[in-house]
Amino acid sequence: MISSTAQARKAAYWFLTLCVGALLSLGAYHLYEEFGPSKVSVEAIPFGLSAGSTVVKGDAPESLESAPELPVQTQAELRRAVELSRGGNTRAAFEIFDAVTIMYPNLVPAMWGEVNTLFEIDSLNELEGERLNLLVGKLQGLFPNTGLSIYLDSRKTYKSGNTSSAFEMARVACDKAPSIYELRLWYAQLLYENERYAQASAECRTAISLSAGSDPRAYELMANLFHDQGVIDSCTALVEYALSQYPADVEIMLLQGYLMEYQGRFDAAEKVYQRILAFRPDFAKATEAQASLGEKSPPGAGSGVALSPRDKAEVACDILEPLVEKYPENLPLREALGLAYLKGRDFDRARIQFREIAARDPEYPDIQQRIQESNVTKPTPVAVNEGLAANLNRAVDSLRGTLAPATKHDFSTMLGHYLVRYGATPGEFFKRYAVGNFRPVKTNVWQESFYESPYKHTYTVVFDSTNRFREVHVAVFDSSSSSNHLGIAPEVYTRLLKQNSRISGIGNSTGETDCGDGVVIDAAVWETQDNFEILARFVGKPAEVRMVRFDKSALAPGLKLCDYIPYLNEF
């Protein structure tokens with residue numbers, strides 16, 4: 001009896017001890033939450049940290065955020081500068097930040113944005129270099145011995161060429177101020193350069209979450225990390241998501257082109273590179289990607305040799321060539337060889353095969369389209385083992401293509417005013433305008449593009465089902481990244497409206513018309529006995545103007561202004 005009473009008392013003591021311990025632990029937790037290091041809770045962002053994750057704030061200053069007491073217009077300018085900087089338009093962003101810091105010399109968000117923009121500019125002139133040193137000194141004076149101060153030292157050290165010291169400083173900066181996403185993104189870039197991909201991915205995810213997915217550079221870096229590790233499926237998923245958020249980001253679009261090439265979708269990839277160059281004609285990566293179309297192979301670990309699409313096409317050609325030589329009358333076999341040449345970008349040999357098929361059977365399905373596909377102006381790559389004479393001939397041909405005069409339009413033919421009557425045949429049309437300036441985009445549709453700074457012009461000529469000239473579609477994009485200090489883009493519509501008025505006379509302005517679903521257009525129309533023209537801009541797209549010129553007899557009766565939107569957006 002006594003023994004059982006002692007055991008019960010002992011169990012009660014243990015229970016009380018556990019309860020007191022739990023209460024003490026709970027109290028300690030609440031004390032830590034109240035008086036311990038402050039944290040930042042992040043939301044669920046695709047490709048970021050998991051929902052509910054927290055990041056210690058560290059010594060990050062509160063004043064990096066936008067100051068609410070500023071005038072509304074100044075706050076809007078700061079937001080625009082941030083967007084330009086994140087989109088790669090560093091010069092334009094610098095001009096806006098600089099204008100704001102002149103008006104508010106001690107405004108931390110403006111100084112922070114300007115100094116980060118200057119760090120991103122490759123080559124600074126003497127004035128910009130002095131400006132950078134001044135801003136770095138002011139910020140370090142305001143926040144001495146903080147993670148922000150060490151980060152600035154890391155950027156300056158990297159710019160001077162000492163990458164190893166910059167790397168260590170970036171690590172220390174992130175330890176001291178882990179909630180500043182610019183610091184995490186900078187550290188991720190340095191980790192990526194040092195091929196420490198796992199750590200770089202973790203920092204990228206944190207940067208995405210801390211910025212709430214508002215900075216495309218974090219997605220660019222994460223996509224490149226997936227790409228360089230050969231994780232193509234994840235890279236594809238990220239690129240698709242990032243482009244849904246930032247459809248004009250050239251770095252992500254470039255990766256999209258690479259991924260299309262890996263799938264053998266060369267035409268689609270080429271269109272992506274052309275779209276990039278329409279926005280950024282000086283973007284060297286896109287120019288190089290277009291020049292090496294079909295030669296890229298997906299990265300990946302392993303000892304095996306990755307074959308580019310062109311290499312794979314060569315393997316197919318090696319198999320098909322002797323078969324075609326043995327069975328020359330087998331036209332499907334010959335077509336397969338032509339398609340293999342086409343996939344390998346060997347257009348000359350592809351054209352020979354397709355023309356041979358057309359000579360043997362003019363009614364062979366889609367053979368004329370195949371010939372058109374092989375009629376491109378890009379020279380075939382020169383094989384290393386070819387003779388000197390062949391190399392010289394190819395070099396001369398290449399020079400001819402390079403030095404040939406670019407497409408020229410005099411004033412009367414600008415904006416697609418081709419001096420060819422409606423109903424003309426393709427033969428009549430291309431007798432007047434060189435077919436070499438055009439490329440077929442679909443059956444009975446031909447397109448030419450040219451660039452006259454700062455505008456990219458694309459004119460699409462459409463023939464009807466009876467192969468008669470019917471309409472012209474015009475798209476003009478302003479690829480200039482210049483802006484004034486308020487960041488206002490130039491208005492191309494007004495300029496082209498005046499230009500077309502000098503060609504076609506004064507048109508009738510429609511004013512802004514709401515066509516529903518958020519689509520608002522402002523247009524002008526010209527109408528004669530046989531011609532109808534509409535020049536339009538879509539509100540919210542100041543750098544884009546579209547125009548259509550119709551054979552009036554081909555138009556359906558009773559069309560209203562909004563009914564022309566499908567025609568304006570068709571090409």
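Just so it is clear, the model here is predicted, and its values are computed rather than measured.
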Measure across S85 and A93 and return the closest heavy-atom pair with its distance rounded to 0.1 Å.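 For S85 and A93, the tightest heavy-atom pair comes out as N-CB, 3.6 Å.
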Ignoring hydrogens and angles, tell me if any N or O in the side chain of K456 forms a donor-acceptor pair with the backbone of P281 under 3.5 Å. no
In terms of side-chain geometry, is the basic nitrogen of K285 or E251 positioned less than 4.0 Å from the acidic oxygen of its partner?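 Yes, K285 and E251 are salt-bridged.
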Please round to the nearest 0.5 Å and tell me the distance separating atom CZ of F226 and atom CG of L238. 6.0 Å
Sorted by chain and number, sequence neighbours left out, side chain to side chain contact (heavy atoms under 4.5 Å, CB included) with A188 holds for E203, C204, L221
Member of F450, F430, Y433 meeting the ring pair (Phe, Tyr, Trp, His ring centres under 6.0 Å) criterion with F438: F430
Salt-bridge contact R360-E356 (side-chain N to carboxylate O under 4.0 Å):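 The answer is yes: the pair qualifies as a salt bridge.
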When you measure from the side chain of E270 to the backbone N and O of F266, does any donor-acceptor pair fall under 3.5 Å?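 Answer holds: no.
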Residue pair Y459 / H457, side-chain donor-acceptor N/O under 3.5 Å: yes
Qualifying ring pair (Phe, Tyr, Trp, His ring centres under 6.0 Å) pairs with a residue from residues 541-560, counting only residues at least two apart or across chains: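 Matches after skipping sequence neighbours: F550-Y567.
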Can the ring centres of W186 and Y158 be said to be less than 6.0 Å apart? yes
Under 3.5 Å, is there a donor-acceptor pair linking the side chains of T90 and T117? no
Ring pair (Phe, Tyr, Trp, His ring centres under 6.0 Å) partners for Y219, two or more places apart: Y241
Would you please name every residue forming a ring pair (Phe, Tyr, Trp, His ring centres under 6.0 Å) with F571, sequence neighbours left out?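 Residues passing ring pair (Phe, Tyr, Trp, His ring centres under 6.0 Å) with F571: H473.
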Y493 pairs by side chain to side chain contact (heavy atoms under 4.5 Å, CB included) with which of D478, L535, V476? L535
For Y246, all residues meeting ring pair (Phe, Tyr, Trp, His ring centres under 6.0 Å), sequence neighbours excluded: none
Using ring pair (Phe, Tyr, Trp, His ring centres under 6.0 Å) as the criterion, list what pairs up with Y187, not counting sequence neighbours.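 For Y187, the residues satisfying ring pair (Phe, Tyr, Trp, His ring centres under 6.0 Å) (neighbours in sequence not counted) are F167.
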Salt-bridge present (R86, D215; N to O < 4.0 Å): yes
Taking the six-membered ring for Trp, are F469 and F429 parallel (under 30°), tilted (30 to 60°) or perpendicular (over 60°)?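 It falls in the tilted class, 30° to 60°.
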